[in-house]
Amino acid sequence: MSTDAVTIVLPAVDEPAVAFGTPAGRLILPGRALPERRIPIRPCLISDLTLSAREAATRAYAPYSRFAVGAALIMADDPAERIFQGCNVESASYGATICAERNAIQSAVAAGFRRIALLAVSTAAPADGPVEGRSPCGLCRQVIREFAGADTLIVLDSGAEGTIGEIVDVDRLLPWGFCLET
Ligand code: THU
């Protein structure tokens, strides 16, 4: 496969705020303004990480849900571009379960890195099912946001014939994600 980068162009978003007058007071649906984003990426990284996420899913420990998830990522601040993998690891106490995405991110952070370049997620959901079956849960979105930059991309492996899956950035994955101004 070619090592030339392709440019992923994420279109601008311009949604004005909407206000609703109610007897209890004014309510506002916040607006969203995102610039067009042009993010170069090497296609071989997408295929390597997708395969790696699929492989990680085979090691999922999911005796309760029987829903295997794998994640694989590379960090933008890792010149060696090593791949960190994660799978979901469930617990009999359910709440102690860790998702594949956070498992992979925590390994990368523990290795000293801080910014995700590309994250691939692969789930057991059917290839022709809705994207919600393969997109990260709310907790994982917030953690992805913690370690994402404007050029971080997230690929959701659909396993569908002839398609890798969906691609998003963190602003689209988690609109209005919580952020402490530090
Ligand atoms: N799961 C993940 O690993 N990642 C997600 O983003 C969604 C859910 C796991 C947790 C649990 O082990 C199983 O999928 C079913 O929820």
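Please read these numbers as outputs of a predicted model, since none were measured by experiment. As the structure lists them, so they are numbered: ligands from 1, and atoms in each ligand from 1.
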Flag the pair Phe147 / Phe113 as yes when at least one side-chain heavy-atom distance between them is below 4.5 Å, and no otherwise.
no

Is there a donor-acceptor contact under 3.5 Å from the side chain of Asp77 to the main chain of Arg114?
yes

Write out the protein residues near ligand 1, meaning a non-hydrogen atom under 4.0 Å from one of its atoms, in order of chain and number.
Ser65, Phe67, Val69, Asn88, Glu90, Thr97, Cys99, Ala100, Glu101, Pro136, Cys137

Indicate every side-chain donor-acceptor pair of residues 9-16 with a distance under 3.5 Å to a residue at least two apart or in another chain.
residue : atom : partner : partner atom : Å
Glu15   : OE1  : Arg32   : NE           : 3.4
Glu15   : OE2  : Arg32   : NH2          : 3.4

Can you tell whether the side chains of Glu146 and Arg115 come within less than 4.0 Å, N to carboxylate O?
no

SB check Arg134 Asp157 (cutoff 4.0 Å)
no

Closer than 4.0 angstrom, basic N to acidic O: yes or no for Asp169 and Arg37?
yes

